[in-house]
Every structure is written in structure tokens, then in C-alpha cells.
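Encoded as C-alpha cells, the structure appears first; notes follow it.
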2 protein chains.
Amino acid sequence: MSGETENPGEIRPGGRTARTRDAVCRSTLQVLAELGYAELTVERVAERSGVHKSTIYRRWGGIDGLVVDALAFAVDDDWEPDLSGNVEANLMEFARMALASFADPVYGPTHTAVVAAAFQSDRAVDAVHRFFADRFGRTSMIITRAIENGELPQNTDPEAVIRALMAPIYFRLFISRQSVTDVDLEQAVQAALAAALAGVFENQERR
Amino acid sequence: MSGETENPGEIRPGGRTARTRDAVCRSTLQVLAELGYAELTVERVAERSGVHKSTIYRRWGGIDGLVVDALAFAVDDDWEPDLSGNVEANLMEFARMALASFADPVYGPTHTAVVAAAFQSDRAVDAVHRFFADRFGRTSMIITRAIENGELPQNTDPEAVIRALMAPIYFRLFISRQSVTDVDLEQAVQAALAAALAGVFENQERR
DNA sequence: GCGTTATTGCAACAGATGTCGCATTACAGT
DNA sequence: ACTGTAATGCGACATCTGTTGCAATAACGC
């Protein structure tokens with residue numbers, strides 16, 4: 001990490017500040033993993049992290065801020081999709097990975113928490129919005145590659161395909177609260193591909 | 001309403017009890033419509049309804065109970081889908097109606113609240129689960145009819161098509177927090193139909 | 001090193017949230 | 001009407017949530 005010199009001269013990102021953020025974010029993730037979003041309170045994070053309650057309120061504002069920052073703290077910025085197979089295989093691989101990430105004891109509850117927080121906090125809404133823009137943006141490479149290979153129609157909108165793929169999975173996980181099996185993943189992949197092949201996701205219908 | 005005689009002799013569903021439930025549910029819906037889920041507190045509902053705080057806690061348990069009961073209170077049990085057109089038209093009509101219902105000043109916030117409450121309450125999870133089972137069950141008539149008319153493959157799973165149609169809409173509304181336009185609805189309908197026509201939603205693959 | 005000051009700790013506080021025992025009300029059966 | 005009792009009202013209470021003023025600490029520039 002470098003580039004501490006571009007600060008306006010008022011903020012101090014130095015050692016202590018970084019340490020408290022580290023402790024608070026770790027504790028937040030820990031509580032989410034152990035007890036879940038419903039049991040996440042500022043006081044509990046304060047106790048575990050050793051950082052005082054008022055400090056947390058001042059810097060993070062509340063639960064929503066904690067969740068948002070914890071996600072940013074935990075997320076892997078260097079992720080890129082696997083492009084080693086055909087579209088179908090690549091999408092299926094991605095879908096499996098996404099589902100597995102929700103089963104991860106740390107990342108799963110954290111992601112769930114941000115989605116939950118978005119129902120009550122505009123900051124969380126922004127965070128969710130940015131998260132999906134980033135993730136789906138990266139993943140759309142799978143579709144871009146497929147178009148180049150002639151596997152999908154010329155001006156298919158890549159992100160539309162990804163959204164179509166992931167929407168049913170998120171829907172089952174967070175809205176209708178049904179379990180997601182491997183069969184569901186295959187069905188989602190097949191459905192997204194069938195729609196894409198039928199030209200549903202072509203952006204400019206220049207027929 | 002009739003059938004008060006089948007009570008086990010301990011519960012009193014008579015006048016007062018019904019009135020308090022009525023008052024509490026109405027106030028809950030009113031607060032949700034005016035201020036939204038984030039501002040929904042037991043005390044506020046108590047004030048507006050004139051029902052005492054402790055009564056609400058005893059009978060409804062808390063916010064989640066209020067939201068669940070308010071949904072049951074507000075929901076239209078006699079709804080049935082319009083079957084006057086072809087599949088595409090009927091699905092589009094349904095999708096438009098569903099989206100419009102979220103814009104409804106009372107029903108929209110209420111539905112949102114139940115989905116939100118499901119992140120923290122098992123009772124809300126049950127309610128959401130039942131709600132979708134009911135709604136999607138009814139709507140699947142559109143698909144059943146289409147299969148009879150030969151518009152869709154023989155053993156297409158009706159509910160799978162409905163889920164495929166609605167998932168992207170719910171995803172945009174509640175997860176990725178993007179606006180939903182009429183174009184999005186059309187795309188969702190087209191995508192679901194394309195997948196169904198391709199045989200993605202056939203239950204027993206007896207190829 | 002040394003002073004300035006952002007950051008944090010501390011503690012007291014107001015308000016919201018949820019629980020409980022007891023008094024009061026009103027439904028249901030006679 | 002009269003009675004037993006479920007349902008509600010009432011208020012006191014413990015707990016949780018979030019805020020604020022002030023003191024202690026440690027980062028940054030010199």
C-alpha cells in the first residue's frame with residue numbers, strides 16, 4: 001500500500017486508525033459468521049474488538065456502516081472468471097462458485113448482511129449497487145468471449161445474461177427462501193443461455 | 001365471516017379481539033405506507049392504534065409479527081390471473097400487475113417489509129414462503145393453459161416458468177436495487193418463454 | 001525530540017425497546 | 001342479569017441504542 005501523501009492534511013490514516021478499523025472489521029465479520037446479522041450489535045462489536053462504542057458510532061455511524069465496511073474489508077478485489085471452457089461450462093463454473101461463496105462461513109453471512117442492511121440504509125444500498133456492478137462487470141467477460149467465439153449472437157448485452165443467470169439464484173436464497181440445488185444452477189444456466197441464443201438480450205434490435 | 005363455534009373453548013375471537021387486531025393491522029399498514037419499514041416501531045403502532053404497547057408485544061411478539069399479520073390482513077385471497085390472451089400477453093399482463101402492486105402505496109411497502117423482516121425472523125420466512133407458494137401456484141394457471149394450447153412443451157413445469165419470469169424483477173427491486181422499466185418486464189417475459197420453449201423447464205427429461 | 005491536533009477512551013445521559021405483575025374491561029356461557 | 005376468565009390497559013422496570021462533553025492518547029509536521 002502506498003500513496004499516503006494525497007491527504008488534504010486533515011485526516012490521519014496512520015497506524016492507530018488503521019489498527020482500529022482492522023480490529024472492528026474483523027470483529028464484525030466474526031460476529032456475522034458466528035451469530036448472523038440479527039445478532040450483530042454495535043456493543044458486541046465494541047466488546048470483541050476492544051474499540052469503544054462511541055468510536056464505532058463516530059466512524060461507522062451504526063450497524064449499516066459496519067456491514068458495508070466489513071464487506072469492503074473482506075472482498076477479493078483481484079477475482080476474475082475462469083474462461084477455460086465453453087460458455088455453458090464457464091457459466092456453470094461461475095454459478096457453482098457463487099453459490100459456494102454463500103456457504104462460506106465468513107463471506108456468506110457478510111453478503112447476506114449487506115443485502116439485509118440495504119432494506120434500511122441508503123449507504124448499504126449504494127454498497128450493494130456498487131458490488132453488483134463490479135462483480136457482474138467482471139463476470140461479463142465470459143459472455144464477451146462467447147460472442148467472439150460465435151457461441152452467442154453478435155450484440156448480446158453481456159451483463160443482461162449474467163443478471164438473468166444470477167437472478168433466480170439470489171431470488172431463491174434471499175426472497176422466496178428456498179434451497180438451491182445443483183439442478184437449479186443448471187436450469188438457471190440453461191435458461192439464460194436459451195434466452196441469449198433466442199436474441200432476447202440483444203441491445204439494439206437492428207433487425 | 002362465520003364459524004366462531006369451532007373454538008376449543010379457550011380463545012375468544014369475539015368483538016374486542018377482532019377490533020384490536022383490525023386497529024393494529026390498519027395502523028401497521030398506515031405506518032408502512034407513510035414512513036416505511038425502517039420507521040416501523042411497536043410504540044408508533046401502539047400510539048396510532050390506541051392499543052397498548054404490552055398488548056401488541058403479547059399478541060404479535062414484535063415487529064416481525066406485526067408485519068406478517070399485516071400482510072395476511074391486506075392480501076387479496078381471491079385473486080386469479082387473466083387468461084384472455086396468448087401466453088406472452090398473459091405473462092406480460094401479470095408482470096405489469098405485479099410491478100404495479102409494488103408501486104401501490106400500501107401493498108408495496110408491506111410486501112417489502114415482509115421480505116426485509118425475513119432476514120431477521122423465522123416467522124417472516126415462513127410467511128414469505130407461503131406467500132410465494134400461493135401466488136406462484138395461482139399464476140401457474142397461465143402456463144398450464146399454454147401447455148394445453150400447445151404453446152409450450154408438454155411437461156413444462158409451470159411454477160418454474162413463473163419463477164424464471166419473476167426472479168429478475170424481484171432481484172432488481174430488492175437485491176441489486178435497480179429500477180424496473182417496462183423494457184425489463186418484456187425482457188423477463190421473453191427470456192422465460194425462450195427458456196420454456198427450449199425445454200429447459202421440462203421436469204422429467206424423458207428424451 | 002516537541003508541540004499541535006486528530007483520534008480514541010471514558011462516563012454520564014436521553015431515548016427507545018421489551019418484560020412483568022397487577023388492576024380493569026368485556027366477551028361467553030349460564 | 002350474573003359470573004368466570006380471557007384479553008387488555010397500566011405503569012414500573014431492566015435493558016439496549018445512540019449521543020455528547022471532556023480527558024487521554026498517539027499520529028503527523030516541525
Side-chain angles (χ1 to χ4, degrees), chain A residues 1-28 31 35-69 113 116-117 120-121 123-124, chain B residues 1-28 31 35-69 113 117 120-121 123:
Chain A
M1 313 293 181
S2 65
E4 290 87 355
T5 53
E6 80 280 10
N7 295 313
E10 290 181 338
I11 310 171
R12 290 180 179 177
R16 184 168 62 163
T17 300
R19 274 197 306 277
T20 54
R21 171 171 127 98
D22 200 75
V24 167
C25 283
R26 282 181 197 280
S27 299
T28 302
V31 172
L35 308 170
Y37 178 64
E39 298 295 322
L40 181 71
T41 67
V42 173
E43 298 228 2
R44 211 188 300 265
V45 173
E47 289 172 19
R48 297 214 186 185
S49 64
V51 174
H52 200 271
K53 184 176 65 158
S54 57
T55 300
I56 297 181
Y57 277 111
R58 278 195 278 252
R59 274 187 58 181
W60 283 273
I63 296 293
D64 55 337
L66 281 179
V67 169
V68 168
D69 199 34
Q120 301 189 351
S121 151
R123 256 189 304 177
Chain B
M1 316 288 185
S2 65
E4 288 87 356
T5 53
E6 80 280 8
N7 295 314
E10 290 182 340
I11 310 171
R12 291 182 179 177
R16 186 168 61 164
T17 300
R19 276 198 303 278
T20 56
R21 172 171 126 97
D22 200 75
V24 168
C25 283
R26 281 181 198 281
S27 299
T28 303
V31 172
L35 307 170
Y37 179 63
E39 297 296 323
L40 181 71
T41 68
V42 173
E43 298 228 2
R44 211 188 299 265
V45 174
E47 289 172 19
R48 296 213 186 187
S49 63
V51 174
H52 199 270
K53 184 177 65 160
S54 57
T55 299
I56 296 182
Y57 277 113
R58 277 194 281 250
R59 276 186 58 179
W60 283 272
I63 295 294
D64 55 337
L66 282 180
V67 169
V68 169
D69 199 33
Q120 301 190 351
S121 154
R123 258 188 304 176

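Side chains included, hydrogens not; waters and symmetry mates left out as well; all remaining heavy atoms used.
Side-chain atoms of B:Thr55 lie closest to D:dG9 of the nucleotides D:dG9, D:dA7, C:dT7.
Here the straight-line distance linking atom CZ of B:Arg48 with atom CD of B:Glu43 works out to 13.5 Å at 0.5 Å rounding. Between B:Asp22 atom CG and B:Arg26 atom CZ the span is 4.0 Å, to the nearest 0.5 Å.
Following rounding to the nearest Å, A:Arg59 (CZ) and C:dA6 (P) show an atom-to-atom distance of 15 Å. Protein atom CD of B:Glu47 is 16 Å distant from nucleotide atom C1' of D:dG9, rounded to whole Å. C:dT17 atom C1' lies 15 Å from atom CD of B:Glu39, rounded to whole Å. Rounded to whole angstrom, the span from the CD1 atom of A:Ile56 across to the C1' atom of C:dT7 amounts to 14 Å.
Looking only at side-chain heavy atoms (C-beta outward), B:Val67 and B:Tyr37 come within less than 4.5 Å of each other. In this structure, B:Val42 and B:Ile63 have side chains that are in contact, with non-hydrogen atoms separated by less than 4.5 Å. A heavy-atom distance below 4.5 Å is not found between the side chains of B:Asp64 and B:Gln120. Counting heavy atoms from C-beta outward, A:Arg59 and A:Thr20 have side chains that approach closer than 4.5 Å.
Distances shown here put every side-chain N or O of B:Arg44 at or beyond 4.0 Å from the OP1 or OP2 atom of C:dA16. For the pair B:Thr20 and D:dT8, the criterion of a side-chain N or O lying under 4.0 Å from OP1 or OP2 is met.
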Nucleotide-resolved protein contact map, nucleotides 12-23 of chain D, B/S/- at heavy-atom distance under 4.0 Å: -----BBBBB--
